[in-house]
Student: 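Pasting a structure here, questions to come.
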Amino acid sequence: MRTVGGRMAEYGLLTGVLDAAAAGEGGFALVEGGPGSGKTRLLAEAMAAARAQGFSVGRVTADHPGDPELPVALGLDPDALRDPAVPRGEALTRLGDHLGSDRLRRPALVVVDDVQWAAPGTVAALRELSTRRLPAAFFLARRSGGGSRRTDRLFSALAEHGAVRCVLGPLGDDVVAQVLADALGARPSAELLDLCSAAQGAPGAVLALAGVLRHTGSVQVRESVAEIVSGPLPPRVRELVLRPLEHLPTESRSLLNVAAVVGRSFALGDLTSLYEGTALGLLPAVQEAMAAGLLESAGDRLGFRHELVWRCVRDSLPTPVRAALLRELGGALLRDGQLASAAQWLADAVQAGDERAVDDLDRAARELLKVAPRRAVDLASGALGPTGSASRNARLQVITALGLLAEGRLAGAAETARTALSAIRDPRAAAELRCTLTVVDLMTGDSMTGDPTAAAVGPVDRPAVWPGASAEHRSRIEALRARASYRPDDLMAVDARAEVLRAGGEPESAMAGGLLRAVARWHGGLVAAALAEVRAAQDFAGPGALAGYFWDGRPLLATMLVQLRQLDEADMVLGELAKEIDGADLPAWRPLVRAPHALLALVSGALDDAAAHAEAVLDATGDAQVGGAVLTALSVRTEVALRRGDQDRVAQCARRLRTLTDTAAFEAGLGHALLTLLRIADAQGGPGAVVRLLADLGRGEETALRTVSLAGPAVPAWLVRAARSTGDHALAQRIVTLARETAARNPGIGTLTDAAAHADAVLHGSPPALRRVAAAHADPWARAQAEEDLGLLLLAEAPRPAGDIPYDDRTAAAEHLQAALLGYREAGSAPDTARVRSVLRRLGVRSRHWTYATRPATGWGSLTGTERAVADLVATGVTNREAARQMFLSPHTVNFHLRQVFRKLGIGSRVELARMHRDDEEGEAE
């Protein structure tokens with residue numbers, strides 16, 4: 001079956017006219033199509049079909065209707081139309097006479113092409129022929145959009161009298177796919193179809209393009225699919241695609257060249273910047289290109305309608321010309337303040353080899369760092385290349401390192417700086433890279449922990465005097481050094497250092513000075529002033545900090561608010577910061593949000609959320625693992641493990657936490673970290689271990705005691721209880737005095753007032769005061785501790801006739817202890833729960849470890865939560881004593897629960913328990 005270049009439907013119309021002529025009826029067909037529409041091939045195929053049916057076939061052009069070849073082809077006298085004195089139109093009339101005579105022994109097909117050029121006489125003759133019933137078929141063909149009004153009227157009149165009209169429009173996508181498949185011998189890929197859409201559905205153009213692609217080796221067949229070979233398009237393809245552009249005016253071709261350099265789609269304003277003109281001045285050229293089907297409108301942008309045309313126009317320009325155009329466009333946009341677009345074109349110019357674009361790219365990228373550091377990194381790193389000069393690559397590496405730093409990708413920034421320094425020769429670039437290493441070192445605290453980075457930048461107390469370092473870099477490093485060497489004891493010295501930083505004029509330094517003042521006041525017990533300072537420091541914040549979010553005060557503010565139990569405001573502050581970081585697409589700074597969020601979840605009793613946030617911070621290798629975030633996250637992870645009885649995790653975290661607290665004087669989360677270490681000591685060695693650790697840490701000083709006391713509203717009372725238990729009444733009195741002073745300095749903060757009242761009540765053993773405190777505390781853990789303190793105090797004060805506790809006092813004590821038990825359970829604290837439960841047992845009060853539920857009598861489902869926990873531990877091979885230590889129970893209690901496990905499971909040994917435990921786990925896995 002003939003495919004006739006995808007014109008099967010049109011071919012059917014023409015053969016229908018031939019069938020009518022063969023039956024003696026004759027008829028007219030009107031064929032219209034533009035260049036490349038397949039008109040010529042369609043007519044040739046129809047003429048071949050006519051000959052195959054026995055037709056006499058003749059073809060003539062409308063501007064030469066007297067061509068002697070026509071009568072010869074029809075079997076007539078060759079001189080019938082040769083007389084030059086006979087007008088063209090009359091020649092066709094004579095042809096009609098011959099066709100109507102008896103001398104024509106076969107049906108005839110007359111093809112008159114290029115009717116758009118027909119003279120008036122020819123048009124009149126063709127119209128007259130249509131009125132005669134001749135045993136012949138007439139195919140009149142013309143180019144779409146050409147000719148005169150008389151030919152338009154001719155075609156309209158013939159159509160009204162029954163002529164078949166055959167308009168050759170663009171081929172449909174499925175037909176184009178079939179044409180390509182026939183030409184290439186394989187089904188075309190989607191990419192190839194998209195590329196060939198530049199032919200605009202014209203069969204001739206599709207076939208020509210397919211032929212050139214095949215002959216130049218630009219197409220390969222894989223698994224019966226024809227695919228474009230990657231790489232630049234061959235010159236023959238470009239020549240074929242660009243041929244229609246030769247008819248455009250010079251201004252339109254120039255506009256297309258410039259637009260192709262900008263991209264497949266572009267804003268008209270980009271071109272006006274380059275032309276230094278107006279949109280109105282470019283309008284005629286744009287209209288010409290759109291009328292030619294080369295450009296189209298898409299929203300507020302223009303674009304090349306077909307990717308192939310765009311690629312061919314772009315690739316037709318020599319590389320130096322493209323680079324120069326990109327540089328000029330980038331420079332123009334940079335002058336207009338369009339940073340992102342300017343940096344993009346300048347980076348493309350540098351990649352294209354234009355070294356003169358480096359200066360402008362450096363300037364644009366540095367400005368872009370302040371608003372879109374990730375974009376700046378992508379552009380600078382993309383413009384790096386082995387063919388570029390050493391100076392060019394050095395400047396681009398500096399931009400990359402600075403951008404990674406602003407993104408919070410600190411490990412990447414350090415690695416880029418170190419790699420570049422090994423081969424760089426530019427003194428200014430080397431200074432910037434060394435400063436970047438110093439900044440990363442001070443941000444992460446590596447200089448204090450022995451990381452190899454520290455060796456590259458020197459110790460913290462070395463002045464930042466790298467040759468060539470800018471004032472901005474010096475200011476940033478001085479701020480970080482002030483933070484690293486911060487000591488809270490001398491408030492006047494801190495204020496003096498902060499004032500120097502503020503006077504430097506850099507926003508980051510001003511923020512740093514404000515945060516130094518805020519933390520110093522926090523550790524000094526001036527809590528309200530600390531909150532005011534950190535909020536004031538945030539006024540200096542704004543887009544463009546090359547240190548990213550490192551000096552943002554909101555993580556510090558949220559940490560303070562959480563410890564003051566102002567949880568709603570803390571959550572709001574963190575939500576605002578998270579939204580801002582996500583909106584800027586800087587996920588590496590998320591640890592600064594997650595760390596205080598972990599602390600917030602912990603004090604809210606949401607241990608799973610707390611653990612998840614903490615783990616996310618500690619697992620964020622290479623991201624913004626700055627000291628404060630790590631300290632807070634690690635203390636939360638340790639506290640969660642402590643509350644859950646995971647002694648192995650506690651021991652693992654405690655060592656690192658102790659190291660961090662020795663070098664974290666600046667952090668507002670230091671108090672909670674110290675509290676966590678003290679709670680570990682209490683769990684392992686009781687109150688005496690708490691007091692000894694306080695002395696060992698050197699935290700007996702006034703400022704340090706205030707710091708840990710601010711970790712929560714019940715902390716001062718807890719420390720007083722520990723000091724009293726060891727007989728250190730002086731320490732207990734000093735803790736209470738500091739708590740009172742802190743509350744007096746901050747009269748508007750209720751948690752500090754409650755904390756001082758709680759500590760005072762424990763020191764003086766006042767049941768009425770403890771009742772008031774228990775009612776006042778909003779924090780579950782603090783309220784539970786007040787209830788426990790009250791219960792224990794009632795037991796200690798109760799008279800003991802006959803060695804026993806009076807029933808009424810014992811009942812009151814048990815009620816408060818049970819309230820404490822519920823509070824500790826709400827906070828998820830296993831050690832505190834176990835401690836209170838043991839006191840209740842001594843009073844004869846049994847408190848279940850589980851919630852009420854219907855359980856089977858035997859099997860794993862019959863075990864209580866505690867029994868299952870004992871079974872899980874013993875099945876792994878631990879001893880009863882070790883299980884007791886991990887669960888904060890006595891060995892006797894573990895023995896009791898293990899006997900219950902054996903009875904309910906119907907076993908009698910640890911070996912059987914281990915086997916059943918393994919089978920149960922395998923069953924769950926299946």
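All heavy atoms count here, side chains included; hydrogens, waters and symmetry mates do not.
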Student: Set out, in order, the CA-CA distance, both residues' side-chain angles and the distance that settles salt bridge (Lys or Arg N to Asp or Glu O under 4.0 Å) for Arg771 and Glu815, then state yes or no.
Tutor: CA-CA 12 Å; Arg771 287 191 181 93; Glu815 288 176 353; over 6 Å; no
Student: According to the interplanar angle, ranging from 0 to 90°, do the rings of His613 and His597 count as parallel (below 30°), tilted (30 to 60°) or perpendicular (above 60°)?
Tutor: parallel
Student: Which atom pair, heavy atoms only, marks the closest approach of Gly513 to Ala498?
Tutor: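 Between these two residues, the closest heavy atoms are O-CB, 3.3 Å.
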Student: In Å and rounded to the nearest 0.5 Å, what is the CG to CG distance from Leu792 to Leu817?
Tutor: 5.5 Å
Student: Are Arg643 and Glu639 ion-paired here, with the side-chain N under 4.0 Å from a carboxylate O?
Tutor: yes
Student: Give the minimum heavy-atom separation between Val573 and Ala558, together with the two atoms involved.
Tutor: CG1-CB, 4.5 Å
Student: If you define the side chain from C-beta out and look only at heavy atoms, does anything of Leu678 sit under 4.5 Å from Leu719?
Tutor: yes
Student: As an exercise, state the distance from CG of Leu694 to OG1 of Thr726, rounded to the nearest 0.5 Å.
Tutor: 10.0 Å
Student: Can you tell whether the side chains of Arg692 and Asp728 come within less than 4.0 Å, N to carboxylate O?
Tutor: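 Here Arg692 does not pair with Asp728 in a salt bridge, since their nearest N and O are not under 4.0 Å apart.
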Student: Test Asp495 against Arg521 for salt bridge (Lys or Arg N to Asp or Glu O under 4.0 Å), laying out the working first.
Tutor: CA-CA 10 Å; Asp495 286 350; Arg521 278 152 180 74; 2.9 Å; yes
Student: Ignoring hydrogens and geometry beyond distance, is a side-chain donor-acceptor pair present between Trp781 and Asp832 at under 3.5 Å?
Tutor: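 There is such a pair between these side chains.
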Student: Tell me, with the steps shown, if Arg825 and Val836 meet side-chain contact (heavy atoms from CB on, under 4.5 Å).
Tutor: CA-CA 11 Å; Arg825 282 179 178 170; Val836 174; over 6 Å; no
Student: If every non-hydrogen atom of Ala595 is compared with every non-hydrogen atom of Val617, which pair is closest and at what distance?
Tutor: N-CG2, 3.7 Å
Student: Using a strict cut-off of less than 4.0 Å between a Lys/Arg side-chain nitrogen and an Asp/Glu carboxylate oxygen, indicate whether Arg502 and Glu533 qualify as a salt bridge.
Tutor: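 Counted as a salt bridge, because a side-chain N and a carboxylate O are separated by less than 4.0 Å.
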Student: Stepwise, does the side-chain contact (heavy atoms from CB on, under 4.5 Å) test hold for Glu787 with Leu822?
Tutor: CA-CA 10 Å; Glu787 294 283 6; Leu822 292 175; over 6 Å; no
Student: To the nearest 0.5 Å, how far apart are CG in Leu526 and CG in Leu491?
Tutor: 7.0 Å
Student: Out of Arg656, Arg655, Arg649, which one pairs with Cys653 under the side chain to side chain contact (heavy atoms under 4.5 Å, CB included) rule?
Tutor: Arg649
Student: Test His777 against every option in Arg772, Arg783, His758 by the side chain to side chain donor-acceptor pair (under 3.5 Å) rule and name the one that passes.
Tutor: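 So the option named by the test is His758.
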Student: Strictly distance-based, threshold 3.5 Å: is any side-chain N or O of Asn746 a donor or acceptor partner for the main-chain N or O of Thr742?
Tutor: yes
Student: Between Leu731 and Leu705, does the side-chain contact (heavy atoms from CB on, under 4.5 Å) criterion hold? Intermediate values first, please.
Tutor: CA-CA 10 Å; Leu731 176 59; Leu705 280 176; 4.3 Å; yes
Student: Please determine whether salt bridge (Lys or Arg N to Asp or Glu O under 4.0 Å) holds for the pair Arg554 and Asp552, giving the CA-CA distance in whole Å, both sets of side-chain angles, and the decisive distance to 0.1 Å.
Tutor: CA-CA 6 Å; Arg554 284 169 288 187; Asp552 195 289; 2.7 Å; yes
Student: Looking only at heavy atoms, which two atoms of Ala406 and Leu586 are closest? And how far apart?
Tutor: O-CD1, 4.5 Å
Student: So Trp522 and Arg706, side-chain contact (heavy atoms from CB on, under 4.5 Å) or not? Walk me through it.
Tutor: CA-CA 9 Å; Trp522 174 268; Arg706 278 204 178 98; over 6 Å; no
Student: Report yes if the side chains of Val736 and Pro716 come closer than 4.5 Å at any heavy-atom pair, otherwise no.
Tutor: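 They are not in contact (no side-chain heavy atoms under 4.5 Å apart), so the answer is no.
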Student: Rounded to the nearest 0.5 Å, what separates atom CZ in Arg594 from atom CG in Asp609?
Tutor: 10.5 Å
Student: Any sub-3.5 Å donor-acceptor pair from Arg724's side-chain atoms to Val762's backbone N or O?
Tutor: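 Looks like yes, one N/O pair under 3.5 Å.
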Student: How far does CD of Gln733 sit from NE2 of His764, to the nearest 0.5 angstrom?
Tutor: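 Between atom CD of Gln733 and atom NE2 of His764 there are 6.0 Å.
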Student: Roughly how far, to the nearest 0.5 Å, is the CG atom of Leu631 from the CG atom of Leu657?
Tutor: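 So the CG of Leu657 and the CG of Leu631 are separated by 6.5 Å.
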Student: Donor-acceptor pair, Asp682 side chain versus Val690 backbone, under 3.5 Å?
Tutor: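 Side chain of Asp682 to backbone of Val690: no pair is present.
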